[in-house]
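This report refers to the structure that appears directly beneath it.
Throughout, residue positions are numbered sequentially from 1 according to the sequence presented.
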Amino acid sequence: MRKIVSDARAALDGLTFDGMTVMSGGFGLCGIPENLIAGLRDSGVKGLTVISNNAGVDGFGLGQLLETRQIAKMISSYVGENKEFERQYLAGELVLEFNPQGTLAERIRAGGAGIPAFFTATGVGTLVAEGKEVRNFNGRDYVMETGLVADLAIVKAWKADERGNLVFRKTARNFNPMMATAGKVTLVEVEEIVPTGALDPDHIHTPGVYVDRLFVGTFEKRIEQRTIRQREAV
């Protein structure tokens, strides 16, 4: 099966529908699937439930889909860098399912592993546990969290071979590998595609069996917060 397509539009062709659930990799603006997010925006699909650590920033990343009102619900961990996210949530225009970051990561990993639910001590006795089963193990309370699976996972990797085996680079790895396993369909944008066999098998982070479509994207790689040091006086 040939997995390589020309661009984000071709990758998304025939896969989008209103009300779908999308997992989007990245942490802040690091390792986000810039091209596929823009492709979802241009598709006009609406009523999305998006599973992502956060929603990018205003005007970039998933922030674009908030501005066009294509997202109905976010399942997230961190929401502090996006004013439009905050505004929509406080105005009751956006549903938010808030997760501790480790819990969100494990819910995605569990979904990809076929684990429907698990128990964690994180969140017990807080708003996070409201409406959820709490069970005691060895004298300590744990709250039950469910695994997450999405209709579509959109992922950014550094390099891939023609079979879809993926290598991620440094912190851009973040949520991408686990999301690649938890999508019913997984689309990947990369900086480079190499011939099959060119990647050292020991260096592959995600096996190609999880990847359905693949393309080389163009990336702005915007920096979320730039911190610089003042030059010392000579």
Side-chain angles (χ1 to χ4, degrees), residues 1-16 20-43 45 50-54 56-57 60-62 64-65 104-105 108-114 148-224 226:
M1 177 182 176
R2 182 168 172 81
K3 299 180 179 183
I4 301 172
V5 297
S6 58
D7 53 24
R9 182 175 180 178
L12 290 163
D13 185 42
L15 298 177
T16 59
M20 71 186 302
T21 300
V22 178
M23 281 185 183
S24 181
F27 187 107
L29 298 182
C30 179
I32 65 171
E34 299 177 27
N35 300 271
L36 287 163
I37 291 171
L40 285 173
R41 178 200 62 201
D42 295 343
S43 76
V45 65
V50 176
I51 302 166
S52 183
N53 179 66
N54 61 296
V57 296
F60 193 67
L62 291 173
Q64 298 171 90
L65 298 179
L104 178 65
I108 297 165
R109 191 201 69 81
L148 291 170
V149 175
D151 297 304
L152 183 66
I154 56 175
V155 169
K156 195 272 179 178
W158 175 45
K159 189 180 293 187
D161 67 17
E162 295 164 331
R163 296 287 183 91
N165 295 304
L166 306 179
V167 177
F168 301 91
R169 188 172 186 272
K170 299 184 178 181
T171 56
R173 192 170 171 181
N174 52 60
F175 282 85
N176 282 295
M178 63 189 77
M179 287 187 174
T181 71
K184 296 177 183 176
V185 177
T186 296
L187 309 181
V188 183
E189 55 187 75
V190 297
E191 298 180 36
E192 181 184 4
I193 297 176
V194 300
T196 300
L199 298 178
D200 184 332
D202 285 335
H203 295 168
I204 291 169
H205 297 130
T206 297
V209 67
Y210 291 109
V211 176
D212 296 285
R213 295 178 184 174
L214 173 72
F215 66 95
V216 175
T218 56
F219 300 94
E220 184 176 340
K221 295 186 180 181
R222 202 180 287 189
I223 296 174
E224 189 169 354
R226 187 183 298 272

Check your understanding: Are any side-chain N or O atoms of Arg213 and backbone N or O atoms of Asp13, one a donor and one an acceptor, separated by less than 3.5 Å?
Key -> yes
**Study point:** Neighbour count >12 (heavy atoms, 6.0 Å) for atom CZ, Arg9
**Key:** no
Exercise for review: Locate the shortest heavy-atom distance separating Ala10 from Asp7; write the atom from each residue and the value.
Suggested key: N-OD1, 2.9 Å
**Study point:** From OG1 (Thr171) to CZ (Phe27), nearest 0.5 Å
**Key:** 9.5 Å
Exercise for review: Kindly indicate, with the supporting measurements, whether the criterion side-chain contact (heavy atoms from CB on, under 4.5 Å) is fulfilled by Ile154 and Leu40.
Suggested key: CA-CA 10 Å; Ile154 56 175; Leu40 285 173; 4.0 Å; yes
Revision key, fill the gap. One should read off an interatomic distance between Asp161 CG and Leu199 CG, to the nearest 0.5 angstrom, of 5.0 Å
Exercise for review: Run the numbers on Glu220 and Phe60 for side-chain contact (heavy atoms from CB on, under 4.5 Å), then give the verdict.
Suggested key: CA-CA 10 Å; Glu220 184 176 340; Phe60 193 67; 3.5 Å; yes
Check your understanding: Does any non-hydrogen side-chain atom of Val188 lie less than 4.5 Å from one of Leu166?
Key -> yes
Exercise for review: Assess whether side-chain contact (heavy atoms from CB on, under 4.5 Å) is satisfied between Leu187 and Phe215, documenting all intermediate values.
Suggested key: CA-CA 8 Å; Leu187 309 181; Phe215 66 95; 5.7 Å; no
Check your understanding: Considering all heavy atoms of both residues, which atom of Ala182 and which atom of Gly111 are nearest to each other, and what is their separation?
Key -> CB-C, 4.3 Å
Point to revise | Backbone N/O of Gly31 and side chain of Asn176: donor-acceptor pair under 3.5 Å | key: yes
Exercise for review: Measure the spacing between CD1 of Ile32 and CG of Asn53 and express it to the nearest 0.5 Å.
Suggested key: 12.0 Å
Review point. Within the side chain of Asp151, is there an N or O that forms a donor-acceptor pair under 3.5 Å with the backbone of Thr21?
Key: yes
Check your understanding: Nearest heavy-atom pair of Arg163 and Thr196: which atoms, and what distance?
Key -> CG-OG1, 3.4 Å
Exercise for review: Determine whether Val22 and Met20 make a side-chain contact, defined as any pair of heavy atoms from C-beta on separated by less than 4.5 Å.
Suggested key: yes
Practice item. For Leu36 and Ala11, work out which heavy atoms get closest and say how close. Key: CD2-CB, 4.2 Å
Review point. Between Ile108 and Phe175, is any pair of side-chain heavy atoms under 4.5 Å apart?
Key: yes
Check your understanding: CG of Leu148 to CG of Leu104: how many Å apart, nearest 0.5 Å?
Key -> 7.0 Å
Exercise for review: Go through Phe219 and Glu189 one step at a time and tell me if the side-chain contact (heavy atoms from CB on, under 4.5 Å) criterion holds.
Suggested key: CA-CA 10 Å; Phe219 300 94; Glu189 55 187 75; 2.9 Å; yes
Review point. Rounded to the nearest 0.5 Å, how far does CG of Leu12 lie from CG of Asn35?
Key: 10.5 Å
Practice item. Return yes if some donor-acceptor pair links the side-chain N/O of Lys159 with the main-chain N/O of Val167 below 3.5 Å, else return no. Key: no
Review point. Do any N or O atoms from the side chain of Asn165 and from the backbone of Ile204 form a donor-acceptor pair under 3.5 angstrom?
Key: no
Exercise for review: Decide yes or no on salt bridge (Lys or Arg N to Asp or Glu O under 4.0 Å) for Glu34 and Lys221, but give the supporting numbers first.
Suggested key: CA-CA 8 Å; Glu34 299 177 27; Lys221 295 186 180 181; over 6 Å; no
Point to revise | Heavy-atom side-chain proximity of Leu152 to Met23 below 4.5 angstrom | key: no
Check your understanding: So, are Glu162 and Arg2 salt-bridged, with charged N and O less than 4.0 Å apart?
Key -> no
Review point. If you look at every heavy atom in Ala153 and Gly183, which pair is closest and at what distance?
Key: CB-CA, 3.8 Å
Exercise for review: Give a yes or no answer on whether the side chain of Asp212 reaches the backbone of Thr186 with a donor-acceptor pair at less than 3.5 Å.
Suggested key: yes
Exercise for review: Check whether any side-chain heavy atom of Ser24 sits under 4.5 Å from a side-chain heavy atom of Ile51, and report yes or no.
Suggested key: no
**Study point:** Heavy-atom pair of closest approach, residues Phe168 and Thr206
**Key:** CE1-OG1, 3.3 Å
Revision key, fill the gap. When rounded to the nearest 0.5 Å, the distance separating CD1 of Ile37 from CG of Leu65 is 6.5 Å
